[in-house]
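This report concerns only the one structure given below.
Residue numbers start from 1 in every chain, and the chains themselves are labelled A, B, ... in the order their sequence lines are given, proteins ahead of strands.
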Protein chains: 2
Amino acid sequence: MRAAGFRVTPARRAIAAALLGVGRPLSPAEVLALARRERPGLGRATVYRTLALLVQLGLVVPRPAPGGIRYSLVSKGMHRLVCRSCGVELLLTECPAGSLAGELARRYGFQVDGHLLEFYGLCPDCQRS
Amino acid sequence: MRAAGFRVTPARRAIAAALLGVGRPLSPAEVLALARRERPGLGRATVYRTLALLVQLGLVVPRPAPGGIRYSLVSKGMHRLVCRSCGVELLLTECPAGSLAGELARRYGFQVDGHLLEFYGLCPDCQRS
DNA sequence: ATAGATGCAAAAGATTTGCATATCC
DNA sequence: GGATATGCAAATCTTTTGCATCTAT
């Protein structure tokens, strides 16, 4: 963060802490609510600006979810099994994709620093209805 | 579609055709504009309702993109290399994930019918700035 | 014939922007 | 000290909802 030439401020700390503390993807509204516990005066706009910055820096990934985009730290739970009907998620540990990253970097000149692997389908409950 | 007990209507055809015609993820506004070429009176609300239905049915996936959620047909380009700064995308052909799908179905009782694999990073141009 | 789908307009939400003030380095 | 970041409020955009009408099956 500082390495990239951006300032480390209390607002940014609070927002990062909110994402760190909870192990699941959060909507901007949830991030605001959580971060305000630590920093009561925090403004909505700052949350949006900071989330965009964290995405830019590759520290956070936006994910579509029923009800809008949610954000989660890159390191946590990037491999999921998601029910497209009710939205339940299972976190997976397997990752057959990591090995491809280096190969892609070499081939396309990208600096690859994360990936997302999601399987979609219907959970047992939703298969019934 | 019909198999799942839903009606096949001109509005739905036009929306599906829009997604089929263009090979990239579209925002709801883009879907509306394209589908209106075929069906001028099409309403915005119908686009949202139909996109949600197509996601439910597993025919379309929502993806986060700079500027909001975009939708694309499941069959097309589910494996991508995305620049988190400018948003350029490369489609990939490799897929080390397919083999896991069956295993997950067995283990968790999910009916797995699609997956999304994305690598994030910086494209050569954005690495410079 | 009738449950389901549509289009419209309005309501509700979400995100962005402009700007004066406060703050990190 | 000076560029950066912040918080607020308003402006803008996106998405959802209620309802009367229409249409696939």
Side-chain angles (χ1 to χ4, degrees), chain A residues 1-19 25-57 59-72 84-85 87 129, chain B residues 1-19 25-57 59-72 84-85 87 129:
Chain A
M1 171 94 234
R2 190 172 279 139
F6 295 97
R7 292 186 186 169
V8 175
T9 66
R12 285 173 180 174
R13 278 182 201 286
I15 290 165
L19 289 164
L26 300 175
S27 66
E30 289 172 320
V31 172
L32 178 65
L34 284 171
R36 272 188 173 161
R37 307 231 263 243
E38 193 170 311
R39 182 143 237 273
L42 182 63
R44 225 189 326 280
T46 300
V47 170
Y48 282 99
R49 287 186 283 229
T50 301
L51 287 174
L53 177 62
L54 291 172
V55 170
Q56 270 277 322
L57 293 175
L59 300 171
V60 158
V61 220
R63 311 195 325 101
I69 296 179
R70 294 178 171 236
Y71 297 81
S72 61
R84 59 168 194 262
S85 178
S129 44
Chain B
M1 170 97 234
R2 189 170 281 141
F6 295 96
R7 292 186 186 166
V8 174
T9 65
R12 286 173 178 172
R13 279 180 201 287
I15 290 165
L19 289 163
L26 299 176
S27 66
E30 289 171 321
V31 172
L32 178 65
L34 284 171
R36 271 187 174 161
R37 306 231 263 245
E38 192 169 310
R39 183 144 237 272
L42 182 63
R44 224 190 324 283
T46 299
V47 170
Y48 283 98
R49 288 186 283 230
T50 300
L51 287 173
L53 177 62
L54 292 172
V55 170
Q56 272 276 321
L57 293 175
L59 300 171
V60 157
V61 220
R63 310 197 325 103
I69 296 179
R70 295 180 169 232
Y71 298 81
S72 61
R84 59 168 194 263
S85 179
S129 43

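- Atom CG of A:Leu42 and atom P of D:dG7 are 5 Å apart (whole Å).
- Look at CD1 on A:Ile15: it is 13 Å from P on D:dA5, rounded to the nearest Å.
- Counting to the nearest Å, the P atom of C:dT6 and the CZ atom of B:Arg13 are 12 Å from each other.
- C:dG7 atom C1' lies 12 Å from atom CG of B:Leu32, rounded to whole Å.
- Between A:Arg12 and D:dA5 there is a side-chain N or O to OP1 or OP2 distance below 4.0 Å.
- Atom-to-atom, CG of B:Leu53 to C1' of C:dA5 comes out at 11 Å; the value is rounded to the nearest Å.
- Side chain of B:Arg12 to backbone of B:Arg7: a donor-acceptor contact under 3.5 angstrom is found.
- Taking atom CG of residue B:Leu51 and atom P of nucleotide D:dT14, one finds them 14 Å apart after rounding to whole Å.
- Using a 4.0 Å cut-off, no side-chain N or O of B:Tyr48 falls inside it from OP1 or OP2 of D:dT16.
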Protein heavy-atom contacts under 4.0 Å, written 5' to 3' over nucleotides 18-25 of chain C as B (base), S (sugar-phosphate only) or - (none), form the string B----BBS

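- Here the CG-CD1 distance, from A:Leu26 to A:Ile69, works out to 14.0 Å after rounding to the nearest 0.5 Å.
- In this structure, B:Gly67 and B:Thr50 both approach DNA chain C, and ranking their closest nucleotides by distance from the 5' end singles out B:Thr50.
- Summarising the geometry, atom CG belonging to B:Leu19 is positioned 10.0 Å from atom CG belonging to B:Leu59; distances are rounded to the nearest 0.5 Å.
- Here B:Glu30 pairs with B:Arg70 in a salt bridge; the nearest charged N to carboxylate O distance falls below 4.0 Å.
- Atom CZ of A:Arg44 is separated from atom P of D:dA9 by 9 Å (rounded to the nearest Å).
- As rounded to whole Å, 11 Å separates atom P of C:dA14 from atom CD of A:Glu30.
- Across all non-hydrogen atoms, the minimal contact from A:Ala35 to A:Ala18 is N-CB, 4.1 Å.
- In the displayed structure, B:Arg44 atom CZ is contacted under 6.0 Å by at most 12 heavy atoms of other residues, nucleotides or ligands.
- Between the CG atom in B:Leu32 and the CD1 atom in B:Ile15 there is a gap of 8.0 Å [rounded to 0.5 Å].
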